[in-house]
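Beneath this line is the structure, given in structure tokens, with notes to follow.
Only heavy atoms go into these numbers, but all of them, side chains included; no hydrogens, no water, no symmetry mates.
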Amino acid sequence: MIRIRKPKTPPEKLATDGKQKRRSHCISYSRNPSAYETGTKKIKFDDNIYAHKTVKQALMDAQHRKCCFCERRIGTDGDVEHFRPKQAYKQATGESLKYPAYYWLAYEWENLYLACTGCNQRHKQNLFPLQNPLERATNHKQKIEQEQPLFIDFGKENPEDFIGFRGVIAYAIEGNQRGQITIDLLKLNNRALPEARLEKLQALRGLNQVLLLAKQRPNDQEFQELAKEAEDILEKAIWDSAEFAAAARCAINAKFQESELI
């Protein structure tokens with residue numbers, strides 16, 4: 001996971017149609033709160049607004065066509081993910097769904113990201129754990145600012161302050177709770193993700209070995225040119241646009257010494 005920097009101005013679709021829809025949902029809830037709280041009535045969300053092509057394109061551009069959670073390259077595929085779930089929520093896996101969720105944030109730019117289907121549909125789903133569940137905002141009249149989410153919000157925080165990599169394995173820096181919960185609930189060390197990172201990091205380690213050999217052969221012009229190409233690739237591997245950039249940064253900083261790379 002890396003920091004995601006979205007444009008401050010939301011896509012026009014959200015600012016116009018999304019704003020109107022939000023007002024409609026809030027009015028619907030206010031007319032019969034108990035029906036929505038029991039789940040007997042559910043708000044009908046419009047994915048033609050929150051997942052409109054202009055919204056999705058803006059997210060793809062901001063996220064370099066990568067999943068916001070696992071950093072897999074997803075191109076034009078993937079889901080528009082609601083950081084705070086829109087219809088129903090769970091504090092923890094295994095719990096029953098609770099209604100309503102953050103319906104008033106369904107079309108809010110700050111609440112939207114692009115995720116791969118594995119992360120979004122199979123793992124994140126409706127999960128949104130809080131440090132104190134009693135502080136959860138359960139309708140549009142309450143403030144989300146009182147909440148302390150346990151998931152890292154990569155649009156507002158730097159995930160690399162919470163999650164690092166020892167080779168291909170993600171770990172919570174200094175055992176911090178939020179990093180560990182994000183890793184565990186999103187299965188960031190499962191789903192063949194370590195294998196995918198390994199393929200990337202082994203290639204980078206090979207390039208790093210070229211640089212080390214080049215230092216021993218300063219007069220070999222051909223080898224020095226190969227080293228320059230290797231250096232350029234290693235530099236690009238830590239750009240935000242690179243797949244698994246966070247893992248690559250940790251591996252390069254550790255000089256590829258982590259045992260998990262073997």
Side-chain angles (χ1 to χ4, degrees), residues 1-5 63-75 77-78 81 93 113-124 127 129 150-155 157-216 223 226-262:
M1 301 171 73
I2 61 170
R3 181 76 156 82
I4 293 173
R5 302 184 187 281
Q63 296 179 205
H64 309 284
R65 299 174 183 266
K66 297 191 298 181
C67 173
C68 60
F69 298 118
C70 70
E71 275 202 274
R72 277 188 184 275
R73 186 82 63 191
I74 54 179
D77 297 326
E81 144 73 9
T93 55
Y113 295 100
L114 192 69
C116 68
T117 54
C119 286
N120 185 41
Q121 297 182 25
R122 289 195 290 275
H123 301 294
K124 170 67 162 56
L127 283 169
L150 291 176
F151 278 142
I152 300 161
D153 187 348
F154 21 77
E157 306 168 283
N158 184 1
E160 292 171 273
D161 291 336
F162 301 89
I163 296 175
F165 287 87
R166 294 189 180 101
V168 299
I169 302 300
Y171 74 97
I173 296 172
E174 297 182 350
N176 75 89
Q177 181 188 30
R178 296 182 67 206
Q180 193 62 59
I181 285 178
T182 299
I183 292 167
D184 291 345
L185 294 184
L186 297 177
K187 309 293 184 188
L188 295 182
N189 286 327
N190 302 79
R191 303 182 288 133
L193 282 171
E195 289 84 353
R197 295 181 195 126
L198 180 61
E199 182 179 355
K200 173 71 175 286
L201 296 187
Q202 283 183 328
L204 296 180
R205 183 171 63 173
L207 294 170
N208 187 65
Q209 290 173 340
V210 171
L211 295 184
L212 296 176
L213 289 172
K215 292 180 180 180
Q216 301 173 17
F223 208 85
L226 287 175
K228 181 62 171 67
E229 293 177 10
E231 187 175 28
D232 289 342
I233 295 172
L234 284 167
E235 180 181 349
K236 292 177 181 177
I238 63 174
W239 290 1
D240 284 354
S241 56
E243 189 173 36
F244 305 127
R249 291 167 186 171
C250 289
I252 290 172
N253 288 337
K255 301 185 186 300
F256 298 94
Q257 297 301 309
E258 300 293 350
S259 62
E260 288 85 351
L261 278 179
I262 299 174

Determine whether [X] and [Y] make a side-chain contact, defined as any pair of heavy atoms from C-beta on separated by less than 4.5 Å.
| X | Y | value |
| --- | --- | --- |
| C119 | R191 | yes |
| F69 | H123 | no |
| R197 | L188 | yes |
| L127 | T93 | yes |

Could you list the residues that satisfy salt bridge (Lys or Arg N to Asp or Glu O under 4.0 Å) with D232, not counting sequence neighbours?
K228
Set of side-chain hydrogen bond (donor to acceptor under 3.5 Å, both in side chains) partners for [X], sequence neighbours left out:
| X | result |
| --- | --- |
| N208 | none |
| E229 | none |
| D184 | Q180 |
| K187 | none |

Quick check: does any side chain N or O of [X] sit under 3.5 Å from a backbone N or O of [Y], one acting as donor and the other as acceptor?
| X | Y | answer |
| --- | --- | --- |
| N176 | F162 | yes |
| N189 | I169 | no |
| R3 | G155 | yes |

Roughly how far apart are [X] [atom1] and [Y] [atom2], rounded to 0.5 Å?
| X | Y | atom1 | atom2 | result |
| --- | --- | --- | --- | --- |
| L207 | Q202 | CG | CD | 12.0 Å |
| I74 | C68 | CD1 | SG | 7.5 Å |
| L198 | L201 | CG | CG | 7.0 Å |
| R178 | I163 | CZ | CD1 | 10.0 Å |
| D77 | R72 | CG | CZ | 13.0 Å |
| Q177 | T182 | CD | OG1 | 10.0 Å |

Not counting sequence neighbours, which residues clear side chain to side chain contact (heavy atoms under 4.5 Å, CB included) with [X]? List them please.
| X | value |
| --- | --- |
| D153 | F83, Y113, K156, E157 |
| E199 | none |
| L213 | Q216, F223 |
| A246 | I2, E71, E160, F165 |

Work out which heavy atom in [X] is nearest to a heavy atom in [Y]; give both atom names and the distance.
| X | Y | answer |
| --- | --- | --- |
| G164 | I173 | N-CG1, 3.6 Å |
| I181 | P129 | CG2-CG, 4.2 Å |
| C67 | C116 | SG-N, 3.3 Å |
| V210 | A227 | CG1-CA, 3.9 Å |

Just distance, no hydrogens or angles: give the donor-acceptor pairs under 3.5 Å from side chains in residues 233-244, sequence neighbours left out.
from: W239; atom 1: NE1; to: E235; atom 2: O; distance (Å): 3.3
from: D240; atom 1: OD1; to: R249; atom 2: NH2; distance (Å): 2.5
from: E243; atom 1: OE2; to: R73; atom 2: N; distance (Å): 2.8

Should we say atom CD of E195 is surrounded by more than 12 heavy atoms from elsewhere, each under 6.0 Å from it?
yes
